[in-house]
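Counting starts at 1 for both ligands and their atoms, in listed order. What you see is a predicted model, and the numbers here were worked out from it, not measured in a lab. Computed over heavy atoms, backbone and side chain alike; hydrogens, waters and symmetry mates excluded.
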Amino acid sequence: MAVTVRFAPSPTGRLHAGNMRTALFNWLFARKHGGRFLLRLDDTDAERSTEAFAEGIREDLAWLGIDRAEEVRQSDRFARYGAAVEKLKTSGRLYPSYETPEELELKRKRQLARGKPPVYDRAALKLTDADRAKLEAEGRKPHWRFLLEQRDVVWDDLVRGRQHVDAASLSDPVLVREDGTYLYTLPSVADDVDLGITHVIRGEDHVANTAPQIQLFEALDAKPPAFGHHSLLVGADGQALSKRDRSLAIEGLRAGGIEALAVASYAATLGTPDPVAPHASLDELVPGFDLAKLSRAPARFDPNELRLLNARFLHALPYDAVADRLHEMGVGGGETFWEAVRGNLAVLADAKFWWLVVKGPLEPVIADRALCRKAAELLPPEPWDVNVWTAWSAAVKEATGAKGKALFGPLRLALTGREDGPELKQLLPLIVRERASARLEGKTA
Ligand code: GLU
């Protein structure tokens with residue numbers, strides 16, 4: 001069967017570094033195996049899910065380079081879930097339970113006090129028709145539990161290796177609430193069946209759901225897919241990432257000037273033995289991608305490391321890849337300017353700063369008036385190219401006797417107003433003679 005994977009966020013928020021990594025793994029897996037990648041919007045929670053968040057998720061994915069994914073929405077599929085419920089009721093695998101949350105909590109406390117695991121005791125299975133009628137006459141409504149077969153469930157996890165879970169140690173999961181709404185399990189499995197999902201790749205926060213889900217696939221007469229559970233991201237301090245931290249939201253990273261490919265390269269190599277290196281396209285990440293390379297330990301997502309990677313990415317970025325964005329930012333100078341400044345950028349927006357330095361008006365800083373005046377006199381006539389700087393600075397050195405820092409420091413401050421920056425050899429022809437001359441004379445230009 002053709003590989004089919006899905007990324008299944010709930011549209012109750014935007015993507016953050018953690019679920020973006022899950023999306024990326026699924027996409028890379030599909031690419032690597034010539035398969036399909038689906039976006040499944042888990043929007044059964046009508047109160048918290050919004051179209052604005054769904055649109056935000058699409059936008060975040062598109063920014064990453066995961067564009068035009070086929071999409072399925074759970075809210076379109078309630079009829080299908082109803083049919084699955086009927087099937088499970090008919091086969092005796094779904095049973096009504098009437099305990100209130102308080103009653104369940106009390107049971108759990110008693111079990112724990114007796115040193116027993118807090119597993120649901122299946123008291124509801126012992127209710128007679130008359131008991132149920134009585135409870136319902138009192139106004140109670142049932143929630144519905146999936147009857148687990150009490151046996152060992154085994155799967156070969158694509159990341160964690162062989163997993164064994166004794167289903168007798170688990171509570172029968174609730175699939176349908178008192179008010180008829182679904183918990184995540186049943187819609188997820190019914191969709192995975194109908195969409196022909198062959199591999200479920202998700203965070204290890206879902207490992208505990210897998211054994212019941214495998215039994216649910218079987219109860220719906222379907223072959224369970226393969227599962228791979230990747231470890232979760234932690235911050236540089238080793239603490240779990242907070243979903244509320246806006247700087248870790250995709251839109252936050254983007255607003256902070258981080259390039260999509262830097263984030264993708266970082267997220268895809270974190271937790272693997274591969275060196276973290278910037279890639280020029282998502283496709284370039286495909287050959288090296290292998291779930292088996294992922295460590296089971298939590299992966300450390302360090303915003304500082306990401307910023308450094310972002311800078312490395314920009315330093316190697318060819319002009320063509322960025323020309324449109326520079327144009328939109330009002331940055332001119334073409335390829336010559338880009339090549340002069342890219343090595344000095346931490347984020348692309350810094351290019352604008354250097355463009356304003358080149359174009360002016362800029363207030364020069366005159367650290368050595370005599371030297372600057374002499375330097376102005378010695379400026380050669382145009383046309384200028386990258387060789388002007390070497391010849392001119394040598395002439396200034398000769399005429400003033402200044403060398404090293406005492407020579408280059410004042411020239412840079414006068415020409416750019418800054419102590420450091422891109423090579424003057426490259427900047428000088430872009431500053432042009434008229435502005436260079438004025439700045440060396442201490443005039444704003
Ligand atoms: N909506 C679930 C989540 O975001 C999907 C989990 C799954 O991939 O099965 O956690």
Fill in the blank from the handout: Arg6 heavy atoms within 4.0 Å reach ligand 1 at atoms 7 (C), 8 (O), 9 (O)
Handout entry: Atom indices of ligand 1 within 4.0 angstrom of Asp42 heavy atoms, with elements
Key = 1 (N), 2 (C), 5 (C)
Practice task
Assess Gln213 for proximity to ligand 1: is some non-hydrogen atom of it under 4.0 Å away?
Solution key: no
Fill in the blank from the handout: the protein heavy atom lying closest to atom 9 (O) of ligand 1 turns out to be Tyr184 OH, 2.6 Å
Problem - Aromatic ring proximity, centroids under 6.0 angstrom, Tyr184 and His206 - result: yes
Exercise for the section: Give a yes or no answer on whether the side chain of Asn19 reaches the backbone of His16 with a donor-acceptor pair at less than 3.5 Å. Expected result: yes
Exercise for the section: Would you please say whether a donor-acceptor pair under 3.5 Å links the side chains of Asn304 and Arg307? Expected result: yes
Handout entry: Residue Ala8 vicinity, atoms of ligand 1 by number, heavy atom under 4.0 Å
Key = 1 (N), 2 (C), 3 (C), 4 (O), 5 (C)
Practice task
Could you tell me whether Val200 and ligand 1 have an N or O pair separated by under 3.5 Å?
Solution key: no
Practice task
Would you please indicate if the ring centroids of Phe337 and Trp355 are separated by under 6.0 Å?
Solution key: yes
Handout entry: Polar atom proximity, His206 to ligand 1 (N or O, under 3.5 Å)
Key = yes
Exercise for the section: Start with the C-alpha gap between Val85 and Tyr182, add the side-chain angles, then the distance that decides, and say whether side chain to side chain contact (heavy atoms under 4.5 Å, CB included) holds. Expected result: CA-CA 10 Å; Val85 161; Tyr182 298 101; 3.8 Å; yes
Exercise for the section: Return yes if a side-chain donor-acceptor contact under 3.5 Å exists between Asp131 and Tyr98, otherwise no. Expected result: no
